[in-house]
Amino acid sequence: SSVPGNVAVNFQFVTAGDLFELIMRQPEETLTLTGTKEPLCPDESSAIMTVSLHDYNSFISTPDGQINKTLFEAKIRDYQGRTAVNKAIEDTLEKEGDVDFWWLNNGVTIVADSVTRDMSHSLTLSNPRIVNGLQTSNMIKRYCDSNSTEHDDRKVLVKCIASNDQAVRARIIAATNKQTSIPPAYLRSLESIHLKIERYFLEHGLHYDRRKTSCKNKGIKPKDIISVPFLGQCLIATLLQQPDYARARPSQILNDDEKYSLIFNESIPLDSYLALGFLAASVRQWLKKSEYDRAVQNDILFYLLLMACVEQTGRFEINSDDLMDISIPSNSTMGWIAERIHGTYVDLGASAAIAKSRSFTQKLREQFGH
């Protein structure tokens, strides 16, 4: 049939990045946070208020009484369990006295698309996300679910900030979490590349622990979990051929901006990350079942990972396309590669210092003939 002459047709190209943003987009959500007094509003984009334990528990709960996990999607780590910090929060909640809870707690930081002051002692928050205070929130939730708190006049301090700028949000998240012991790798975990890896791993049966301990809290077996720092170590060991660096700096592995940009970027196929994840999980599991003690396992893991790739590609310089085609070696192949690595390791002195030295990597390169 013919198209009328007065019909205008518009179209736009949708890239892979656009599709990913559409997939990750959450429905609009507006919540009300009620305080004990009128909020302090230093400017049009922020508000500070004290909220009763009971009202805060209502704010973070779903209608059926469960914790609203959507509120914590922007958090860089999940609930950490009964750590010393959480036990201290629990003790503070349990010991009612003449000292208010908010006097003894750092409080909660919420970032939202908009923060609007209502006529009463409340704020309307559009798409709120709790970026600091997950542990506090969980402990308040547990306490309120186990105790009657309607007449408990203790309060928690809540800071609300309105910003649509992802860069600003990232700075707020990093700044408010600096006082906690979080590896730098997790401070980068909100970047889109990690969201993509997380989703892609999940679709293929592997779990990327983008939010620290989130996989553990879901009951996923450790052998199926790849943490952000561990994947970073594996990438540095293979793509940069620096297993010594990967072994030497596990907690600060992604604090080097130059190295980070080389191993986490949009030019590396997701299939490459996935194949390396499966290989790394297999190498880790093989070592765990081997006769080597734990210290030796830690010292040779990244060397075994690199040499497993070298044996398949026939060269020492591994690139991201190589990783895409890497398969998991048989147990016998893994065994003889590990035996050669261990032999060199013993010859050089068999210590953590050797495993962290560039000379070990060079010696293995000569030995494997690449």
Side-chain angles (χ1 to χ4, degrees), residues 24-63 67-77 79 85 89 92-93 96-141 143-144 149-180 182 187 190 211:
M24 297 303 295
R25 186 175 297 169
Q26 298 288 340
E28 187 82 12
E29 183 179 26
T30 300
L31 295 178
T32 298
L33 179 63
T34 302
T36 58
K37 293 189 179 294
E38 291 186 6
L40 170 65
C41 299
D43 51 54
E44 295 181 353
S45 301
S46 63
I48 302 169
M49 65 194 310
T50 52
V51 181
S52 72
L53 299 180
H54 179 77
D55 285 339
Y56 185 72
N57 181 51
S58 298
F59 175 75
I60 63 173
S61 300
T62 59
I67 194 162
N68 185 355
K69 289 189 174 294
T70 303
L71 287 172
F72 302 95
E73 283 181 349
K75 197 72 181 70
I76 58 181
R77 62 176 179 177
Y79 175 59
V85 171
I89 296 173
T92 303
L93 288 167
E96 294 189 43
D98 57 356
V99 177
D100 204 335
F101 178 76
W102 77 274
W103 290 12
L104 306 173
N105 185 273
N106 290 334
V108 175
T109 302
I110 299 175
V111 175
D113 290 345
S114 64
V115 176
T116 306
R117 181 174 175 177
D118 299 333
M119 295 297 291
S120 59
H121 299 164
S122 63
L123 298 170
T124 297
L125 308 175
S126 175
N127 296 324
R129 295 294 182 266
I130 296 171
V131 299
N132 185 257
L134 173 71
Q135 312 308 316
T136 294
S137 299
N138 271 274
M139 298 314 296
I140 290 176
K141 173 73 178 163
Y143 176 76
C144 290
T149 57
E150 286 190 49
H151 302 294
D152 190 330
D153 60 0
R154 289 179 297 167
K155 301 169 283 294
V156 61
L157 182 67
V158 182
K159 178 171 64 176
C160 302
I161 303 169
S163 177
N164 289 302
D165 189 322
Q166 292 302 317
V168 172
R169 286 186 172 217
R171 288 178 62 190
I172 294 170
I173 292 168
T176 55
N177 284 280
K178 275 184 178 177
Q179 70 274 25
T180 57
I182 298 175
L187 294 176
L190 294 177
R211 294 172 62 232

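Ion pairing between Asp100 and Arg154 fails under the 4.0 Å rule for side-chain N and carboxylate O.
The salt bridge (charged side-chain N to carboxylate O under 4.0 Å, His left out) contacts involving residues 131-140 comprise nothing, where partners must be two or more places apart or lie in separate chains. Within the structure, salt bridge (charged side-chain N to carboxylate O under 4.0 Å, His left out) pairs that include any residue of residues 32-53 comprise Glu38-Arg117 (at least two apart or interchain).
Tyr56 places a side-chain heavy atom less than 4.5 Å from the side chain of Val108. By the 4.5 Å heavy-atom criterion applied to side chains, Phe72 and Ile67 are counted as neighbours. Side-chain contact between Leu33 and Met49 is present, with at least one heavy-atom pair separated by less than 4.5 Å. Side-chain atoms of Thr116 and Leu123, non-hydrogen and from C-beta on, never get closer than 4.5 Å to each other. Counting only heavy atoms from C-beta outward, the side chains of Val158 and Ile110 approach each other to under 4.5 Å. Counting heavy atoms from C-beta outward, Leu125 and Thr30 have side chains that stay 4.5 Å or more apart. Within the 4.5 Å cutoff, no side-chain heavy atoms of Pro39 are placed close to those of Ile48. In this structure the side chain of Glu150 never reaches within 4.5 angstrom of the side chain of Leu53, judged on heavy atoms.
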Thr136 vs Asn105, test: side chain to side chain donor-acceptor pair (under 3.5 Å). Steps then yes/no. CA-CA 8 Å; Thr136 294; Asn105 185 273; 3.2 Å; yes
Under the side chain to side chain donor-acceptor pair (under 3.5 Å) rule, what do Ser52 and Asp55 come out as? Steps first, then yes or no, please. CA-CA 5 Å; Ser52 72; Asp55 285 339; 3.2 Å; yes
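The minimum heavy-atom distance between Pro128 and Ala112, with the atom names listed, is CA-CB, 3.9 Å. Considering all non-hydrogen atoms of both residues, Thr36 and His121 come closest at O-ND1, 3.5 Å. For the pair Val156 and Gly107, the tightest heavy-atom approach, listed with the atom from each and the gap, is CG2-CA, 4.4 Å.
Under the side-chain contact (heavy atoms from CB on, under 4.5 Å) criterion, Ser122 pairs with Thr32, Thr34, Asp118, Ser120, sequence neighbours left out. Every residue meeting the side-chain hydrogen bond (donor to acceptor under 3.5 Å, both in side chains) condition with His54, not counting sequence neighbours, appears here in chain and number order: Thr149. Residues forming a side-chain contact (heavy atoms from CB on, under 4.5 Å) with Ser126 (at least two apart in sequence, or on another chain): Glu28, Asp113, Ser114. Among residues two or more places apart in sequence or in another chain, the salt bridge (charged side-chain N to carboxylate O under 4.0 Å, His left out) test is passed with Lys159 by none.
Checked against Leu31 for a side chain to side chain contact (heavy atoms under 4.5 Å, CB included), the options Leu71, Ile60, Thr124 give a single hit: Leu71. With Phe101 as the partner, the side chain to side chain contact (heavy atoms under 4.5 Å, CB included) test is satisfied by one option alone out of Asp153, Thr50, Thr92, Asp152: Thr92.
Summarising the geometry, atom CD1 belonging to Ile172 is positioned 5.5 Å from atom OG belonging to Ser163; distances are rounded to the nearest 0.5 Å. Atom CG in Leu157 sits 13.0 Å away from atom CH2 in Trp103 (nearest 0.5 Å). Atom NZ of Lys141 sits about 4.5 Å away from atom CG of Asn57, to the nearest 0.5 Å. Note that OG of Ser45 and CG of Asn164 are 9.5 Å apart. Values are rounded to the nearest 0.5 Å.
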